[in-house]
Number of protein chains: 2
Amino acid sequence: MALEHAILVSLLEKPGSGYELARRFERSIGYFWTATHQQIYRVLKRMESDGLLEVREVAQQGRPDKKEYSVAGPGRAALSRWLHEPVEPESIRHELAVKIRGAAFDDPAGLVSEVERHRKAHADRLAHYLSGERRDFTGPEAPLPLDAGRELQHAVLRGGIAYERMTIAWLDDVLATLHRLGTARPGI
Amino acid sequence: MALEHAILVSLLEKPGSGYELARRFERSIGYFWTATHQQIYRVLKRMESDGLLEVREVAQQGRPDKKEYSVAGPGRAALSRWLHEPVEPESIRHELAVKIRGAAFDDPAGLVSEVERHRKAHADRLAHYLSGERRDFTGPEAPLPLDAGRELQHAVLRGGIAYERMTIAWLDDVLATLHRLGTARPGI
DNA sequence: TCCTTCTATGCAACTCGTTGCATAGACAAG
DNA sequence: CTTGTCTATGCAACGAGTTGCATAGAAGGA
């Protein structure tokens, strides 16, 4: 049920509609948790009927009406309860790693373009994170003050940046390995 | 359907039963893909009825009989097809990161023990990976030769090692941030 | 002897997550 | 004037993954 908690955190940071939440899950929250709009709408409805959230119909000009959700008392309590119980250390699920091991039974050299594609995607994500970091935290235009919430957001973003840097370095390592297998000892 | 492909790779590396696969998913394959035994048994059955795998009943002494699965021709073809089509770069799902951002609305200092617990889990996993690396790849007792399959397995393991090191460093960063928030500016 | 652990397989029920599709008003480009 | 994009919400069906439970023989310890 981590999606519920991610939604509670996001709505505490700023109330918003399902649509707005979906967009946040493509950006900041999406650094460490993903969700599609269908999932979000479904869970929002359930959370509201469970009394964790409050809705407010908001009429807009030039746009469809929206339902703005905010966290109700029981929602805050549920988040607090969850924060005080342990969660399992996450385990990774990395399809590309499956492919890399599988390449031994096919054509290792054929994997190069796929690995390069992933490397580019991670480099793009890193650039995106870094520009976000400058904009929100370290740049001269970054808003002040840095309260606890923003400090913690920054710490999480630093984790995303470290993850992308590590992944890029690893993919370079993988590319070097594939290159070595393709040239030094062909046919093995 | 990445579980299917992970199973194909694992069975190509070495045929085995559902039980044995479940154990591998706790170790080497589990470095980058996880699955429970129920999931594995269900998928094995489906893959066999789809003709991707072959079964062989094996009687054992002092143990229950087992069904040893191995990859059939169509299974190898399915893996090859998958290797040649692109997969999406993975996105992380990190509950602890949700907690860290959520802590701003509760008690940041209360999170310290949880982060320390995660740090220890990652340090244990790193130690486990490193001893596996010495045993299988870099140590004086490591078996030879290092063919393409083992080179690629090693590359994936290096990815796991890099991931754990990065995560430990990040959690230290988070702990320092929590400490800073708890002492320098209490109450903010 | 009983209790636990290990090997080995599986069902049933449930929740979580994805994919495809549908609706509908506003706005911009061609 | 049609096509496409953006905001905004949602249903239905399916597939992936989790949790709890059940069975059963063999081995080992209290």
Side-chain angles (χ1 to χ4, degrees), chain A residues 1-7 11 15-27 29-30 32-50 53 55-69 82 87-95 98, chain B residues 1-8 11 15-27 29-30 32-50 52-53 55-69 82 87-95 98:
Chain A
M1 297 240 206
L3 179 54
E4 283 199 11
H5 302 118
I7 287 175
L11 289 179
S17 68
Y19 187 83
E20 284 160 355
L21 279 172
R23 312 222 62 197
R24 289 184 212 170
F25 273 84
E26 286 167 11
R27 315 175 5 94
I29 307 283
F32 50 83
W33 206 266
T34 58
T36 60
H37 78 272
Q38 289 87 347
Q39 233 185 312
I40 291 166
Y41 282 122
R42 196 199 296 154
V43 172
L44 279 175
K45 197 160 274 192
R46 187 182 66 214
M47 290 171 77
E48 197 237 313
S49 81
D50 290 349
L53 301 180
V55 207
R56 201 168 57 94
E57 287 271 347
V58 178
Q60 300 183 110
Q61 44 198 6
R63 292 178 180 190
D65 298 354
K66 67 173 181 178
K67 298 183 187 173
E68 195 183 73
Y69 289 89
W82 176 68
V87 295
E88 282 303 298
E90 86 298 340
S91 39
I92 6 166
R93 295 211 154 176
H94 210 302
E95 274 195 286
V98 180
Chain B
M1 297 239 205
L3 178 54
E4 283 199 11
H5 302 118
I7 286 175
L8 286 171
L11 290 179
S17 68
Y19 187 83
E20 284 161 355
L21 278 172
R23 312 223 60 199
R24 289 184 212 170
F25 274 84
E26 285 167 9
R27 315 175 5 97
I29 308 283
F32 49 83
W33 205 267
T34 57
T36 59
H37 78 270
Q38 289 87 346
Q39 231 185 312
I40 290 167
Y41 282 121
R42 198 199 294 152
V43 172
L44 280 175
K45 197 160 272 192
R46 188 182 67 213
M47 290 171 77
E48 196 238 312
S49 80
D50 289 351
L52 304 180
L53 301 180
V55 207
R56 201 168 57 94
E57 288 271 345
V58 178
Q60 300 183 111
Q61 44 197 8
R63 292 178 181 189
D65 297 356
K66 66 174 181 179
K67 297 183 186 172
E68 195 184 72
Y69 289 89
W82 176 68
V87 296
E88 282 304 298
E90 87 299 338
S91 38
I92 6 167
R93 296 211 154 176
H94 212 303
E95 275 194 287
V98 180

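Residue numbers start from 1 in every chain, and the chains themselves are labelled A, B, ... in the order their sequence lines are given, proteins ahead of strands.
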[X] [atom1] to [Y] [atom2] distance, which is reported to the nearest 0.5 Å:
{"X": "B/L44", "Y": "B/I7", "atom1": "CG", "atom2": "CD1", "answer": "4.5 Å"}
{"X": "A/Y41", "Y": "A/K45", "atom1": "OH", "atom2": "NZ", "answer": "10.5 Å"}
{"X": "A/Q60", "Y": "A/K66", "atom1": "CD", "atom2": "NZ", "answer": "5.0 Å"}

**OP:** Consider the side chain of A/K45, meaning its heavy atoms from C-beta on, and name the nucleotide among D/dG17, C/dG10, D/dG10 that approaches it most closely.
**Re:** D/dG10
In whole angstrom, what separates [X]'s [atom1] from [N]'s [atom2]?
{"X": "B/E95", "N": "C/dC16", "atom1": "CD", "atom2": "P", "value": "11 Å"}
{"X": "B/F25", "N": "D/dT18", "atom1": "CZ", "atom2": "C1'", "value": "16 Å"}
{"X": "A/E4", "N": "C/dT15", "atom1": "CD", "atom2": "C1'", "value": "11 Å"}
{"X": "A/Q38", "N": "C/dG20", "atom1": "CD", "atom2": "C1'", "value": "9 Å"}
{"X": "B/R42", "N": "D/dA16", "atom1": "CZ", "atom2": "C1'", "value": "8 Å"}
{"X": "B/R93", "N": "C/dG17", "atom1": "CZ", "atom2": "C1'", "value": "7 Å"}
{"X": "A/H37", "N": "C/dT23", "atom1": "NE2", "atom2": "P", "value": "14 Å"}
{"X": "A/L21", "N": "D/dT7", "atom1": "CG", "atom2": "C1'", "value": "15 Å"}

Original post:
Closest nucleotide of DNA chain C for A/A35 versus for B/Y69: which of these residues is on the 5' side?
Top reply: B/Y69
Original post:
ring-ring contact (aromatic ring centres under 6.0 Å, His included) with A/H5: which of A/W82, A/F32, A/W33?
Top reply: A/W82
Would you tabulate the pairs of protein nitrogen or oxygen atoms and nucleotide nitrogen or oxygen atoms of nucleotides 2-8 of chain C closer than 3.5 angstrom?
| residue | atom | partner | partner atom | Å |
| --- | --- | --- | --- | --- |
| C/dT7 | OP2 | B/Y19 | OH | 2.8 |
| C/dT7 | OP2 | B/R23 | NH1 | 3.3 |
| C/dT7 | O5' | B/Y19 | OH | 3.4 |
| C/dA8 | OP1 | B/Q60 | OE1 | 3.0 |
| C/dA8 | OP1 | B/Q60 | NE2 | 2.4 |

**OP:** With sequence neighbours excluded, tell me which residues meet ring-ring contact (aromatic ring centres under 6.0 Å, His included) with A/F25.
**Re:** none
Original post:
With sequence neighbours excluded, what pairs up with A/R56 under the side-chain hydrogen bond (donor to acceptor under 3.5 Å, both in side chains) test?
Top reply: A/E68
